[in-house]
Amino acid sequence: MTDSQKDLEQRVHVDLPRVRPEEMVVSVETTLPPDPTGGKDVDTEFMIRHFG
């Protein structure tokens with residue numbers, strides 16, 4: 001080990017338990033935003049209105 005690695009090892013010491021990747025799950029309660037088209041098929045309505 002180099003002197004800088006030894007120095008870093010002595011300065012950085014954290015007593016935290018290891019976390020496994022399968023434990024890294026974040027769950028957040030969300031609500032869906034309102035439908036911006038109001039449930040309409042705007043592409044079809046455009047085609048019927050202008051070309052139909």
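Applying the ring-ring contact (aromatic ring centres under 6.0 Å, His included) definition to pairs two or more places apart or across chains, those involving residues 16-49 are F46-H50.
Within 6.0 Å of CD in E22 there are more than 12 heavy atoms belonging to other residues, nucleotides or ligands.
The side-chain contact (heavy atoms from CB on, under 4.5 Å) check on E23 picks up V19, R20, with sequence neighbours excluded. T2 pairs by the side-chain contact (heavy atoms from CB on, under 4.5 Å) definition with S4, Q5, not counting sequence neighbours.
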Taking only distance into account, with no hydrogens and no angle test, what donor-acceptor pairs under 3.5 Å do side-chain atoms of residues 36-44 form with protein atoms, sequence neighbours excluded?
residue: T37; atom: OG1; partner: D35; partner atom: OD1; Å: 3.2
residue: T37; atom: OG1; partner: D35; partner atom: OD2; Å: 3.4
residue: T37; atom: OG1; partner: K40; partner atom: O; Å: 3.4
residue: D41; atom: OD2; partner: T44; partner atom: OG1; Å: 2.5

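Clustering of Ile, Leu, Val, Met, Phe, Trp and Tyr by side-chain heavy atoms under 4.5 Å joins V26 with V28.
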